[in-house]
There are 2 protein chains.
Amino acid sequence: MKILIVEDEPKTGEYLRQGLSEAGFVVDLAQDGTDGLHLALQGEYDLVILDVMLPGLDGWQVLQSLRRRGLQMPVLFLTARDQVEDRVKGLELGADDYLVKPFSFAELLARVRTILRRGRSGNESTVLRVADLELDLLRRRVSRGGRRISLTAKEFGLLELLMRRHGEVLPRSLIASQVWDMNFDSDTNVIEVAIRRLRAKIDDGHEVKLIHTVRGMGYVLEAPEEH
Amino acid sequence: MKILIVEDEPKTGEYLRQGLSEAGFVVDLAQDGTDGLHLALQGEYDLVILDVMLPGLDGWQVLQSLRRRGLQMPVLFLTARDQVEDRVKGLELGADDYLVKPFSFAELLARVRTILRRGRSGNESTVLRVADLELDLLRRRVSRGGRRISLTAKEFGLLELLMRRHGEVLPRSLIASQVWDMNFDSDTNVIEVAIRRLRAKIDDGHEVKLIHTVRGMGYVLEAPEEH
DNA sequence: GCACCCTCATGAAAATACTGATCGTCGAAG
DNA sequence: CTTCGACGATCAGTATTTTCATGAGGGTGC
């Protein structure tokens, strides 16, 4: 899950980035409306968190531009205490929720999780399952065949992506941009290495392998066909 | 399921009413203690949410009157962060649980559901248990394996959070916002230090450790897997 | 003065990235 | 059908970076 934060105050922005990334999200941070809009237009975010008070292009203009260009990702906006009209305006423009500053990080996290869950048609569960492999998003735990497996943060993020889109072949460039915050830089093999480590934990010692390489295309996680 | 909210601040009350009714509860709202008590005495509520700071008849008096007249419905009360005595007092008077302001709506909802699920079960509800570790909210005491452990206020608050959400990995920023009132402060390591002190009291000298670090993600309290 | 809780500095450990070598697989050509 | 070449995948070992634990020092409030 990838989140864009648009917040001009560096300290707040940095803190939000840090906190959300501990909570398992991939986070980009833009310092003003123009940059924010630019990034958001790439369309690769699952959620945008938008401060309304921004120098230059303000929060509504960003939101408006996004919606006008057909981008439908959820938007959570941050507004000042007594600006009640703000929230009405924001919701009219198509925001999904708002938070009044100052807010607690716990509150933000709860909202973010609610919004992201909402999209997935009623699936209240925090557990992803493929065959006998389970990944619990909230507890941040993974198990296969009931046996607990401990993963590092990157491994967890990678597996989460593979499981969310299981059955789908994911190109390396996609993996690079979702799990790492990099645009594919061909002279590194971080991904191969990460896949290898993940395989060691997930597939080694199991008859049925779940992670498969698709030559020239990428990787896919799926339970093999029955015969 | 019918809930009564007693809250004098209109904005908060309205917010709670709205949220809970969206969640599928039937909700009544009283603006002061007298009205609240009056409504509650009709005895048709499954839960009462009670702000302790009320003009006129305060939360305690309402709670006390209810219990004295034999009404046993669960009561969840709302208290300020620094009023530790309030929490004890409330539990002593027969409330079922409390929530510290400011809280997130998600938190409230979770607490409400827990209380309604378990029904009214008196003082048992004031003790949190994980493995051989016990935390008594009412007496503000902690023990492990029957041996008493004395904690400071911060340590107690931290442990309470960890125990309430045991099994869940808690990001530092979440901990910071819940236990401290630090919402956007990143350059501090209070949490590491507090965890260390807590570990010294909870885990040192025990074979099974309950507090675990999850690198890059946060901390979790849980009993290790059995094999 | 005594708890308590914060900050700071430092070292250790873990996670991650990089390097370069080897291995496998696929397709083209014989 | 077989062989060979090339590209990508895999792997181990090492370097680097990030994160965490820890002990000490100092301030604050009761």
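Reminder, nothing fancy here: chain letters follow the sequence lines and each chain counts from 1.
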field: For A:Arg199, all residues meeting side chain to side chain donor-acceptor pair (under 3.5 Å), sequence neighbours excluded
entry: A:Thr213
Quickly work out the [X] [atom1] to [N] [atom2] distance and round it to whole Å.
{"X": "A:Arg17", "N": "D:dT18", "atom1": "CZ", "atom2": "P", "value": "12 Å"}
{"X": "B:Ile191", "N": "C:dT7", "atom1": "CD1", "atom2": "P", "value": "11 Å"}
{"X": "B:Ile175", "N": "C:dC6", "atom1": "CD1", "atom2": "C1'", "value": "17 Å"}
{"X": "B:Lys154", "N": "D:dT28", "atom1": "NZ", "atom2": "C1'", "value": "13 Å"}
{"X": "B:His212", "N": "C:dA14", "atom1": "NE2", "atom2": "P", "value": "15 Å"}
{"X": "B:Met217", "N": "D:dC20", "atom1": "CE", "atom2": "C1'", "value": "15 Å"}
{"X": "B:Leu151", "N": "C:dA3", "atom1": "CG", "atom2": "P", "value": "16 Å"}
{"X": "A:Ile211", "N": "D:dA9", "atom1": "CD1", "atom2": "P", "value": "15 Å"}

- prompt: With sugar-phosphate meaning primed atoms plus P, OP1 and OP2, does A:Ala194 contact a base, only sugar-phosphate, or nothing at under 4.0 Å between heavy atoms?
  reply: nothing
message: Applying side chain to side chain contact (heavy atoms under 4.5 Å, CB included) to B:Val75 and B:Leu93, what does each step give before you reach the verdict?
response: CA-CA 10 Å; B:Val75 171; B:Leu93 289 175; over 6 Å; no
- request: Please check the phosphate of C:dA3 (OP1 and OP2 only) for any side-chain N or O of B:Thr152 closer than 4.0 Å.
  value: no
- prompt: At under 4.0 Å, does any side-chain N or O of B:Trp180 touch on OP1 or OP2 of C:dC5?
  reply: no
query: Which residue lies toward the 5' end of DNA chain C, B:Asp187 or B:Glu155, if each is placed at its nearest nucleotide?
result: B:Glu155
- prompt: Which is it for B:Leu133 and B:Val142 under the side chain to side chain contact (heavy atoms under 4.5 Å, CB included) test, yes or no, and what are the steps along the way?
  reply: CA-CA 7 Å; B:Leu133 179 64; B:Val142 173; 3.9 Å; yes
message: Looking at B:Lys101, I want to see if its NZ is surrounded by more than 12 non-hydrogen atoms of other residues, nucleotides or ligands under 6.0 Å.
response: yes
statement: With B for base contact, S for sugar-phosphate-only contact and - for none (protein heavy atoms under 4.0 Å), nucleotides 10-16 of chain D reads BBS----
query: C:dA15, C:dC5, C:dT16: which one has an atom nearest the side-chain heavy atoms of A:Arg197?
result: C:dT16
message: Would you call the rings of B:Phe77 and B:Tyr98 parallel, tilted or perpendicular, taking 30° and 60° as the class edges?
response: tilted
- prompt: Do B:Arg87 and B:Asp136 meet the salt-bridge criterion of a basic N to acidic O distance under 4.0 Å?
  reply: no
- prompt: Under the 3.5 angstrom rule, does the side chain of A:Lys2 hit a backbone N or O of A:Phe25 as a donor-acceptor pair?
  reply: no
